[in-house]
J.: 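So that we are looking at the same thing, I have put the structure below in structure tokens.
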Protein chains: 2
Amino acid sequence: MNKGRVTVVDIARAAGVSKSTVSLVLQASPLVNEATRAKVNAVIRELGYVYNRGAANLRQSASSRIIGIIVNDLTNSFFAELAVGMDMVMQSAGYVQFLSNSAESVDRQREVIASMREHGISGLILSPARGTEAADLKPLAASGIPVVAVVRNVVGAKVSSLSSDNHAGAKDAVRHLVSLGHRRIAFLGGIANTTVFGERVAGWRDALAEAGLEAPDALVIGTTASRAGGVAAIERALLVPDRPTAALCFNDAAAFGVCDGLRAAGMEPGRDFGVVGFDDVIEAETAVPALTTVSVDPQGMGRRAAQLLLKQINAGRVEPEAIVGSVRLVVRQSCGAGLKTGRKPA
Amino acid sequence: MNKGRVTVVDIARAAGVSKSTVSLVLQASPLVNEATRAKVNAVIRELGYVYNRGAANLRQSASSRIIGIIVNDLTNSFFAELAVGMDMVMQSAGYVQFLSNSAESVDRQREVIASMREHGISGLILSPARGTEAADLKPLAASGIPVVAVVRNVVGAKVSSLSSDNHAGAKDAVRHLVSLGHRRIAFLGGIANTTVFGERVAGWRDALAEAGLEAPDALVIGTTASRAGGVAAIERALLVPDRPTAALCFNDAAAFGVCDGLRAAGMEPGRDFGVVGFDDVIEAETAVPALTTVSVDPQGMGRRAAQLLLKQINAGRVEPEAIVGSVRLVVRQSCGAGLKTGRKPA
DNA sequence: GTAATTAATTGGATCGTTCCAAATTTGTCA
DNA sequence: TGACAAATTTGGAACGATCCAATTAATTAC
């Protein structure tokens with residue numbers, strides 16, 4: 001059974017030329033005569049020919065035009081947007097992408113990477129699962145497949161990375177809360193022993209030190225980087241003696257949770273307690289109160305990661321570079337600053 | 001340049017067997033002697049061999065083990081979760097997936113489908129962009145590639161579909177609001193002339209008719225299926241003379257927007273206005289007030305879609321079937337029903 | 001009108017794997 | 001030990017596109 005598959009040879013036969021000519025037409029080569037090209041293209045359309053990229057990729061020189069993307073938590077809208085940003089760039093560069101969700105499991109991530117290698121990806125963008133080691137990426141580097149780590153980076157791995165300036169962002173956010181008069185500022189949510197958590201807490205600590213305020217460990221409450229984690233964190237924070245009056249949250253998801261938790265305790269975020277998030281997810285703008293947050297522009301970050309990867313793919317030689325994206329504080333209502341002006345009715 | 005690629009022939013030479021034997025080992029065939037298998041596997045590990053799936057797929061009998069997934073809006077967490085559900089099933093069935101975001105553009109969707117065909121996908125799960133026509137899926141059907149449409153379906157296309165019982169879900173939700181004493185119930189958010197919108201509005205209308213209540217067009221306010229759309233919808237709804245006291249929202253995103261808009265207007269969702277969503281996104285449970293919503297279990301739906309597609313791929317012969325998933329109302333706080341019990345502190 | 005030049009076209013050979021039929025080795029039994 | 005069956009192994013021909021060197025056709029030059 002031929003499976004009904006139409007091949008270059010079928011086209012060649014029908015158009016009365018050789019398969020080589022058909023191949024040239026497919027590659028839009030200038031070598032082929034216009035009349036011939038037209039005829040071949042007509043036959044291609046007529047027979048419903050589908051280019052077989054797998055066969056073409058067999059020649060060792062070819063590039064698969066497939067790139068792999070692995071994120072650690074697709075249900076988090078930060079990553080969903082990151083993926084969308086990458087998709088945009090890759091799409092217009094003529095690449096397709098294998099997108100997978102490691103769900104924070106290194107085993108799963110390993111499997112996915114192996115599978116992607118078998119499919120011959122030309123590059124990989126990875127938001128590493130917690131616990132990823134340099135060894136996990138070794139084989140990729142060995143076969144010359146460029147890798148870009150986003151959001152988190154992998155210590156010891158010689159791959160490019162694109163992260164955001166967590167330290168500066170956290171510092172700015174806390175400075176802002178201090179300028180609003182807060183003296184007891186907590187750090188809520190997130191998983192304690194991760195690099196990103198560490199960087200953000202350091203920023204928090206430094207800003208407090210700068211203002212001559214103390215930064216007690218009791219005010220650092222790590223839980224999960226999710227809405228539920230935020231709820232749990234604020235519940236505990238409100239039990240601390242000499243309770244905080246404001247908080248920098250690990251990320252926006254946690255910040256929303258903190259708002260939920262405050263309301264459940266009869267407090268209104270922004271008015272009774274200052275809340276600042278991190279990430280600037282789309283919902284941050286439309287939420288009520290609108291979330292003051294450190295903007296890392298996930299889509300933009302996705303686009304930049306994709307561009308970086310493409311650059312490396314085209315460059316051939318892989319020269320790892322570490323980019324730390326700058327970050328800016330977006331002041332909205334949840335910190336209490338924007339409340340005077342209020343929300344203008346549409 | 002050999003590109004450093006290790007092939008079966010290299011393994012064969014190093015292990016002192018023929019490439020056919022290596023191939024048998026790769027396929028875990030029982031034909032090969034244990035001692036030989038062990039030696040070959042050792043060499044495979046030693047030389048760092050990577051299976052070339054592209055080459056294997058060349059044989060016409062082979063299946064690519066790649067499936068395509070196209071969703072119309074990945075930034076909507078409903079679709080992100082849908083994708084995660086599919087990922088789980090596909091992953092464990094040994095498939096990888098091309099995941100793309102059509103961003104509601106049919107042109108983009110067409111390109112993506114073409115690209116996926118060239119890569120030889122064994123099946124496609126599609127949440128069609130608005131305006132998708134049967135003709136867009138024709139070539140896939142023609143080459144015997146099974147397609148499962150999810151969420152929305154494509155009229156006239158002979159593909160399997162998996163949608164949820166929008167009519168029944170909406171009806172249940174409105175009945176519940178009626179049972180809580182509401183008499184003026186709006187339908188808020190969503191894009192007006194889409195199938196899903198139509199089905200949900202019909203359920204809303206039928207439930208009202210059943211209760212002997214009127215269903216004026218002024219109370220159907222279509223905007224966008226997003227948080228911002230919900231805010232806009234409730235703003236308009238509150239201006240309607242004889243304003244509604246509760247609303248069924250097109251989806252959870254819109255419902256969250258409605259809650260935001262209510263608060264901005266000084267009203268508390270659940271207490272001053274009943275809000276019911278649709279989809280049961282994860283955040284629905286942890287939000288404050290927890291969202292009463294019609295559960296369609298996006299992850300579960302993703303899993304079922306993936307299973308349906310796998311069934312069709314394995315069956316060979318493609319027999320389209322339309323599955324309408326049942327749906328159930330999850331009563332939480334936002335409708336006002338759960339307020340008496342309140343939220344128990346953790 | 002023929003040689004030189006340029007423009008188009010074309011057979012293999014090749015990429016890395018699978019599959020088939022055929023060959024080889026090993027084992028069994030009278 | 002020889003005949004026969006079972007267990008292993010193995011070349012070579014696919015699969016569908018690309019690329020190279022070589023051939024043929026069309027132009028131009030003299």
J.: Measure the distance from CG on A:N52 to P on C:dG16 and round it to the nearest whole Å.
T.: 16 Å
J.: Applying side-chain hydrogen bond (donor to acceptor under 3.5 Å, both in side chains) to B:Q27 and B:S23, what does each step give before you reach the verdict?
T.: CA-CA 6 Å; B:Q27 299 166 83; B:S23 175; 3.0 Å; yes
J.: Salt bridge or not between B:E321 and B:K311? Use side-chain N to carboxylate O under 4.0 Å.
T.: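 Salt bridge present between B:E321 and B:K311.
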J.: Which pairs count as salt bridge (Lys or Arg N to Asp or Glu O under 4.0 Å) when at least one residue sits in residues 90-108 of chain A, sequence neighbours excluded?
T.: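 Of all non-adjacent pairs touching residues 90-108 of chain A, those that pass salt bridge (Lys or Arg N to Asp or Glu O under 4.0 Å) are A:E104-A:R130, A:E104-A:R152, A:D107-A:R110, A:R108-B:D87.
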J.: For B:V9 and for A:P30, find the nucleotide of DNA chain C with the closest heavy atom, then tell me which residue's nucleotide is more 5'.
T.: A:P30
J.: What integer distance in Å separates A:R13:CZ from D:dG16:P?
T.: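 Result: 12 Å.
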J.: Taking only the side-chain heavy atoms of A:S23 (C-beta and beyond), determine which of D:dT10, D:dT18, C:dG16 contains the nearest atom.
T.: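 In terms of side-chain proximity for A:S23, the closest of D:dT10, D:dT18, C:dG16 is D:dT18.
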J.: What I'd like to find out is whether the side chain of B:N57 reaches to under 4.5 Å of the side chain of B:R65, using heavy atoms alone.
T.: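 No, their side chains stay 4.5 Å or more apart.
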J.: Considering only side-chain heavy atoms of B:L31, which listed nucleotide, C:dT17, C:dC15, D:dT8, is closest?
T.: D:dT8
J.: What is the distance, to the nearest angstrom, from the CG atom on A:L58 to the P atom on C:dC15?
T.: 9 Å
J.: Rounded to whole Å, please give me the gap between CG in B:N57 and C1' in C:dT17.
T.: 10 Å
J.: How is B:V17 classified with respect to the nucleic acid when contacts are heavy atoms under 4.0 Å: base, sugar-phosphate, or nothing?
T.: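 It contacts sugar-phosphate atoms only.
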J.: Heavy atoms from C-beta onward define the side chain here; which of D:dG16, D:dT10, C:dT10 lies closest to that of B:L24?
T.: D:dT10
J.: Under the side-chain contact (heavy atoms from CB on, under 4.5 Å) criterion, do B:N33 and B:R37 qualify, and how do the steps go?
T.: CA-CA 6 Å; B:N33 183 290; B:R37 181 193 311 281; over 6 Å; no
J.: Hey, is the side chain of A:S20 pairing donor to acceptor with the base of C:dG11 inside 3.5 Å?
T.: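 Donor-acceptor pair under 3.5 Å: yes.
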J.: Mind running side-chain hydrogen bond (donor to acceptor under 3.5 Å, both in side chains) on B:S100 and A:Q97 for me, showing each step along the way?
T.: CA-CA 8 Å; B:S100 252; A:Q97 46 207 280; 4.9 Å; no
J.: For B:Q27 and C:dC19, is the shortest distance between a side-chain N/O and OP1 or OP2 below 4.0 Å?
T.: yes
J.: What is the distance, rounded to the nearest whole Å, between atom CZ of A:R37 and atom P of C:dA7?
T.: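 It is 15 Å, rounded to the nearest whole Å.
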J.: Looking at the side chain of A:R5, which of C:dA8, D:dG16, C:dT18 is the nearest nucleotide?
T.: D:dG16
J.: With axes from five pairs an end, tell me the bend angle of the helix from C:dG1-D:dC30 to C:dA30-D:dT1, nearest 10°.
T.: 40°
J.: Using heavy atoms to find the nearest nucleotide of DNA chain D for B:V32 and B:A55 separately, return the residue whose nucleotide is more 5′.
T.: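 This one resolves to B:V32.
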J.: For the side chain of A:N33, counting heavy atoms from C-beta on, which of D:dT18, C:dT17, C:dT9 is nearest?
T.: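 Among D:dT18, C:dT17, C:dT9, the one nearest the side chain of A:N33 is C:dT9.
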J.: Within the pair B:S18 and D:dT10, is there a side-chain N or O less than 4.0 Å away from OP1 or OP2?
T.: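 For B:S18, the contact criterion (side-chain N or O under 4.0 Å from OP1 or OP2 of D:dT10) is met.
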J.: Any luck finding a side-chain donor-acceptor pair between A:E81 and A:S77 under 3.5 Å?
T.: no
J.: Identify which nucleotide among D:dA17, D:dG12, C:dA8 has an atom closest to any side-chain atom of A:T36, counting heavy atoms from C-beta outward.
T.: C:dA8
J.: Return the nearest nucleotide to the side chain of B:Y51; candidates are C:dG16, C:dT18, D:dG16.
T.: C:dT18
J.: What is the separation between atom NZ on A:K19 and atom C1' on C:dT14, rounded to the nearest whole Å?
T.: 11 Å
J.: Rounded to the nearest angstrom, tell me the gap between atom CD1 in B:I11 and atom C1' in C:dG16.
T.: 12 Å
J.: Please determine whether side-chain hydrogen bond (donor to acceptor under 3.5 Å, both in side chains) holds for the pair B:S127 and B:N72, giving the CA-CA distance in whole Å, both sets of side-chain angles, and the decisive distance to 0.1 Å.
T.: CA-CA 6 Å; B:S127 165; B:N72 55 289; 2.5 Å; yes
J.: Rounding to an integer number of Å, can you tell me how far B:E118 CD sits from D:dG16 P?
T.: 15 Å
